Peer 1: 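Okay, handing you the structure first.
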Protein chains: 2
Amino acid sequence: MKDNTKLFKALSDVNRLRILKALQSKTLCVCEIKELLNLANSTVSQHLKLLKEVGFIIEEKDGKWSNYRINPLPGDARINAVLNSLDFWISDEDMIISDKKKIKALNRTKICSS
Amino acid sequence: MKDNTKLFKALSDVNRLRILKALQSKTLCVCEIKELLNLANSTVSQHLKLLKEVGFIIEEKDGKWSNYRINPLPGDARINAVLNSLDFWISDEDMIISDKKKIKALNRTKICSS
DNA sequence: TTTACATTTCGGTAGTTAACGAAATGAAAT
DNA sequence: ATTTCATTTCGTTAACTACCGAAATGTAAA
């Protein structure tokens, strides 16, 4: 039963929902997501850890970068169901649309070494 | 965006999930649910209030009793989707099965006036 | 091997949530 | 009108969560 609540708990935070939608449009590293959400990267890291644990996303190390992307092969059918119909679950699109614009303008080398 | 997280937050508590499943098998009053979950009825009342606000269940007053049942006509399509496939979302069935047995044995007049 | 830099872990804090018992509310029966 | 009893609201507490900055970790380049 713990499992069920964990899945829903992962989805019950605005910033985690934004991360999921963001990763659906592009693979991103921690500091890019930090820039998008305006959070400390320790906070972003925590959110990513949780989303990874539940199975929504995967991490791919690339040198000193950690790239996160949507889990292409979720073991749990429910994870798949959510990912395949995130737009259905997230009805308030305004923030997501504005995020999408920001994501296009993101420049990793510019943001991440300051 | 608040709306989206509220829906998932409502589903991210074990006792609320148990209530939803219980109401799918039978309309129940507060004190019957209190008996099922072994919680104070003030606590049960709070959970029911939340589930009602989000739109999962409805309340029907009958004298001094408040009967709760699954919302037969949810305005939100997502609520409908969850309700119609709760078994899909709740994969850990053990507790639910044991709840179902308890529900059958519940006797309102016996429990509720002590 | 030292430096540089992205990320993670740690310690702490403020806000939220689930729980309880007690008091307040509301509806029916005496 | 008073009593009875289910339910709700209130006040409180303990546990949890999201957040931050700082310190620790890990990797790659100098």
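As the structure is a computational prediction, the values presented were derived from the model and not from experiment. Any value given below was found using the heavy atoms of this structure, including those in side chains, with hydrogens, waters and symmetry copies removed. Each chain gets a letter, A, B and so on, in the order the sequences are listed, and its residues count up from 1.
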Peer 1: Please state how far atom CD1 in B:I19 lies from atom P in C:dA18, giving the value in whole angstrom units.
Peer 2: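 Atom CD1 in B:I19 sits about 11 Å away from atom P in C:dA18.
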Peer 1: Would you say a side-chain N or O of B:H47 is under 4.0 Å from OP1 or OP2 of C:dA19?
Peer 2: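 Answer is yes, contact under 4.0 Å.
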Peer 1: In this structure, would B:W65 and B:L51 fall into the same cluster of hydrophobic residues linked by side-chain contacts under 4.5 Å?
Peer 2: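 Cluster IDs for B:W65 and B:L51 differ.
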Peer 1: Rounding to a whole Å, what distance do you find between B:R18:CZ and C:dA18:P?
Peer 2: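 Going from CZ in B:R18 over to P in C:dA18 covers 15 Å.
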Peer 1: Answer with base, sugar-phosphate or nothing: what part of the nucleic acid does A:E59 contact at a heavy-atom distance below 4.0 Å?
Peer 2: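 Contact class for A:E59: sugar-phosphate only.
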Peer 1: I'd like to know if the side chain of B:N71 reaches the main chain of B:G55, judged simply by a donor and an acceptor atom lying under 3.5 Å from each other, with no hydrogens or angles considered.
Peer 2: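 Yes; at least one donor-acceptor contact below 3.5 Å.
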Peer 1: Remember a base hit wins even if backbone is also touched, and classify B:S42 as base, sugar-phosphate or nothing at under 4.0 Å, heavy atoms.
Peer 2: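 Base contact.
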Peer 1: Can you tell which of C:dC20, C:dT8, D:dT7 lies closest to the side chain of B:A40?
Peer 2: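 Comparing C:dC20, C:dT8, D:dT7 against the side chain of B:A40, the answer is C:dC20.
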Peer 1: Quick one: is C:dA19 close enough that its OP1 or OP2 comes under 4.0 Å of any side-chain N or O from B:N15?
Peer 2: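 Answer is yes, contact under 4.0 Å.
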Peer 1: Measure from CZ on A:R108 to C1' on C:dT7 and round the result to the nearest Å.
Peer 2: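 Distance check: A:R108 CZ to C:dT7 C1' gives 12 Å.
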Peer 1: So what does A:R16 hit on the nucleic acid, given a heavy-atom distance under 4.0 Å: a base, only sugar-phosphate, or nothing?
Peer 2: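 Counting heavy atoms under 4.0 Å across all strands, the contact made by A:R16 is with sugar-phosphate only.
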Peer 1: Can you tell me how far P of C:dT9 sits from CG of A:L50, to the nearest Å?
Peer 2: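 In whole Å, C:dT9 P and A:L50 CG are 13 Å from each other.
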Peer 1: Starting the side chain at C-beta, find the nucleotide from C:dG26, D:dT7, C:dC20 nearest to B:V30.
Peer 2: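 Nearest to the side-chain atoms of B:V30, counting from C-beta on, is D:dT7.
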Peer 1: Could you check how far CG of B:D62 sits from P of C:dG26, rounded to whole Å?
Peer 2: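 To the nearest whole Å, that distance equals 18 Å.
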Peer 1: Could you say whether A:V44 or B:S45 is positioned toward the 5' end of DNA chain D, judged by the nucleotide with the nearest heavy atom to each?
Peer 2: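 Result of the comparison: B:S45.
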Peer 1: In a table with atom names and distances, give each donor-acceptor pair under 3.5 Å that connects a side chain of residues 30-37 of chain B to protein atoms at least two apart or in another chain.
Peer 2:
residue: B:E32; atom: OE1; partner: B:C29; partner atom: N; Å: 2.9
residue: B:E32; atom: OE1; partner: B:R108; partner atom: NH2; Å: 3.3

Peer 1: Give one of base, sugar-phosphate or nothing for B:S66, where a contact means two heavy atoms less than 4.0 Å apart.
Peer 2: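 Sugar-phosphate, no base atom in range.
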Peer 1: Mind checking if A:K9 touches a base, just sugar-phosphate, or nothing, with heavy atoms under 4.0 Å?
Peer 2: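 A:K9: backbone/sugar contact only, no base atoms under 4.0 Å.
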